[in-house]
Amino acid sequence: LLMLQALAAALVIGALLRPAFATAQALSGQNIVVIDTSLTMRATDVAPSRFARAIADARAMVHRLGPHGRMTLIAMGADPVVLASSTGDSQPLLAALAHLQPTDGQANLQDALQLAVAAAGPRSQGTHLVVLSDGVTEPLPEPVTLPFPVTYERIGRSGDNSGVTSLSIVHGISGDQAVAHVQDFGRQPAHLTVLLQANGRLTDAQAVQLGPGRGQDVTFSVPPASSYVKVSILPGGALAADDSAYAVVTPSRAVRVLLVSAGDVFLQQALSLRADVKLTTETPAAYQLASTRAGASASADLVVFDGYVPPSLPAATPFLLVAPPPEAKLGFGPPVAPGPLLPAEANDPLLYDVDLSNVDVAATTDLARSQFGRVVITSSAGPVLMVRAPSSVNPPAAVLGVYLHDSDFVLRSAFPLLIDHLSEYLAPDAVPSGSQSPGQPVTLSPGPGVARAIVTTPHGHRYVLPWGGQGAPLVFAHTGTAGLYEVTLVTRQGVRQTTYLAVNPAADGISPLPSLEVAGTPAMALPSSYLYQEIWPLMALLALAVLLIEWGAYHRAR
């Protein structure tokens, strides 16, 4: 009994001393956590997925947040956003993580870093950035150095995957063909079955064997009257999102092009290469003499003037001037010898696959003094191709100064490609027929007479875009999900025309990167503070228990 009483006394004395032990688990300072929500984070090479692992790691960091620590969560997708920011309170952070979902777009690391710097504020001392990602992001223009420590926690361990990386429709005399590129990104051979579905029905299948890291084009004949096709592979890879791709087959509407020319066969052939173009020609004299010219121009989607500038250019219809004569109001001068043609900017979409090397041009309109628009093709004598973007008062327009019959430009593949790109820029389809990237806004050009456009997403959500003016474009921004979008154009008379929009993920591999091109101040551990855990309540409870035992032993002895 004496020993029990002594033990109880010792425990009481120890509890009165309020002993505690220190732990460094609590995060202090300012912690910025960037969570990759891009397409490749859907990969399942780590269970259950890379994204789920990133969420678990972020949640573990939130639980470590100390009473004076601050944490900011940033979702890194195509458009990075700040999810939540809190000091000491983990509930808003946990709620934001619970609602976060992966996307089908790419990770925009540059914008995410800009948000992190803004969140840190002018005084970044005590700030630490943690990036939870597989490192598969949009490339940075140049390496970045931040004024605070950066930790990259790589998520993912394998790049083994197979997918459909591209799908396009090729129009031919015997019919349309769907050409899909199937790629194996792994280190083992892949034995795949490639399936074709047209308008939702399975129509064909091919067996494909791919070597490690190899790809192959697979061609299918598209059944007549197909509006869209889907190509998919079996078995699927580690990234399910790129196991299939969509392509639109049927053009949404005919693009009406009016060519005002004395009879240029090369221009006629180049403009007719687009399957959706309905071309009509007219001489400059007939164009100038027509009394209702304004109305006739409005009935066309694009007017091309060859070697001729009308007294008044179309006010609402896009137009292209080719080899225009001198025109003081527009800054066009007499012909000059341009020399070699060069792109004004690298990677201009209008010059995609347009090879300007070895093109011999003897004469071009002097555009050196013109303020018509931005320069696309230049030369030693000045601009050769200029493009004007649409505005609230002017339609889109372009001027190509090359005198076609004084060059070999028309004999090269670069010419029809350039004219095709220009016509698509100036008079786009009502709905783009090519594949779009997830998360990128899409411009719909319904043309005159359309009252509204109704867009249905792959998940069944409907968006109504009201008509904005006579042929004014409509911008649809809700393209975050890859798949097939149904677009219904409704005229003012209630006539409906349905077409489709294909949004396909752009996955060129899922191999996690060992590092990012981001550096910070010298590496250090996450800022933490000692959290003292007091144990005196436990000692007081033990003292009470010992006293109860001593009391029971005493009465039992009596």
Side-chain angles (χ1 to χ4, degrees), residues 23-38 40-41 50-103 105-138 140 143-155 439 480 513 515-531:
T23 176
Q25 295 299 313
L27 296 180
S28 64
Q30 182 165 228
N31 304 274
I32 303 174
V33 182
V34 174
I35 306 165
D36 192 344
T37 63
S38 64
T40 55
M41 293 296 286
R50 294 180 182 179
F51 178 76
R53 179 69 60 85
I55 292 295
D57 291 349
R59 188 176 288 113
M61 293 183 62
V62 171
H63 285 304
R64 292 176 54 194
L65 186 64
H68 303 294
R70 183 173 182 82
M71 184 173 290
T72 300
L73 300 179
I74 297 176
M76 182 173 63
D79 296 307
V81 295
V82 175
L83 297 174
S85 186
S86 178
T87 301
D89 186 5
S90 61
Q91 292 306 313
L93 305 172
L94 294 174
L97 291 175
H99 292 89
L100 188 60
Q101 296 293 329
T103 66
Q106 290 184 299
N108 189 336
L109 179 59
Q110 183 176 15
D111 286 359
L113 295 178
Q114 291 177 352
L115 282 180
V117 172
R123 297 180 179 179
S124 58
Q125 187 175 3
T127 299
H128 197 112
L129 173 64
V130 179
V131 181
L132 304 176
S133 170
D134 56 11
V136 185
T137 68
E138 293 184 9
L140 294 172
V144 174
T145 301
L146 299 179
F148 40 77
V150 179
T151 299
Y152 165 52
E153 293 192 9
R154 186 181 67 177
I155 299 178
L513 300 184
S515 62
L516 299 177
E517 293 184 295
V518 181
T521 56
M524 58 179 289
L526 287 175
S528 59
S529 62
Y530 287 104
L531 182 64

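Only heavy atoms go into these numbers, but all of them, side chains included; no hydrogens, no water, no symmetry mates. Quick note: residue numbers are just sequence positions, from 1.
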Closest heavy-atom pair, Leu65 versus Ser86, reported as atoms and distance to 0.1 Å, is CD2-O, 4.3 Å
* Compare all side-chain heavy atoms of Leu109 with those of Glu138 and state whether any distance is below 4.5 angstrom. => no
side-chain contact (heavy atoms from CB on, under 4.5 Å) filter on Gln110, not counting sequence neighbours, yields Asn108, Gln114, Leu140, Pro141
Shortest non-hydrogen pair, Ala96 vs Ala84, comes out as CB-CB, 3.9 Å
Q | Worked verdict on Met76 versus Leu132 for side-chain contact (heavy atoms from CB on, under 4.5 Å) | A | CA-CA 9 Å; Met76 182 173 63; Leu132 304 176; over 6 Å; no
Correct closest heavy-atom pair for Phe148 and Ala120 would be CE2-CB, 3.7 Å
Which of Leu146, Val117, Val33 passes side chain to side chain contact (heavy atoms under 4.5 Å, CB included) with Leu129? Answer is Leu146
Scanning both residues in full, the closest heavy-atom pair of Thr37 with Gln101 reads CB-O, 4.0 Å
Applying side-chain hydrogen bond (donor to acceptor under 3.5 Å, both in side chains) to Thr72 and not counting sequence neighbours gives Ser85
### Query
Between Tyr152 (side chain) and Gly135 (backbone), is there a donor-acceptor pair under 3.5 Å?
yes
Scanning both residues in full, the closest heavy-atom pair of Leu513 with Arg154 reads O-CD, 3.1 Å
Those residues at least two apart in sequence (or on a different chain) that pass salt bridge (Lys or Arg N to Asp or Glu O under 4.0 Å) with Asp36 are none
Here the side-chain hydrogen bond (donor to acceptor under 3.5 Å, both in side chains) pairs for residues 87-98, sequence neighbours left out, are Arg70-Thr87
Neighbour count >12 (heavy atoms, 6.0 Å) for atom CG, Asp79: no
The side-chain contact (heavy atoms from CB on, under 4.5 Å) partners of Leu115 (sequence neighbours excluded) come to Ile74, Pro80, Val82
Would you check, one step at a time, whether the test side-chain contact (heavy atoms from CB on, under 4.5 Å) holds for Val518 with Val131?
CA-CA 10 Å; Val518 181; Val131 181; over 6 Å; no
Rounded to the nearest 0.5 Å, the CD atom of Glu153 sits from the CG atom of Asp134 at a distance of 13.5 Å
Contacts of Ala52 meeting side-chain contact (heavy atoms from CB on, under 4.5 Å) (sequence neighbours excluded), chain-then-number -> Pro48, Ser49
Separation between OG1 (Thr137) and CD (Glu517), nearest 0.5 Å, reads 8.5 Å
Q) Does some side-chain heavy atom of Val136 sit less than 4.5 Å from a side-chain heavy atom of Met41? A) no
Output for pair (Leu83 CG, Ile35 CD1), nearest 0.5 Å, gives 6.0 Å
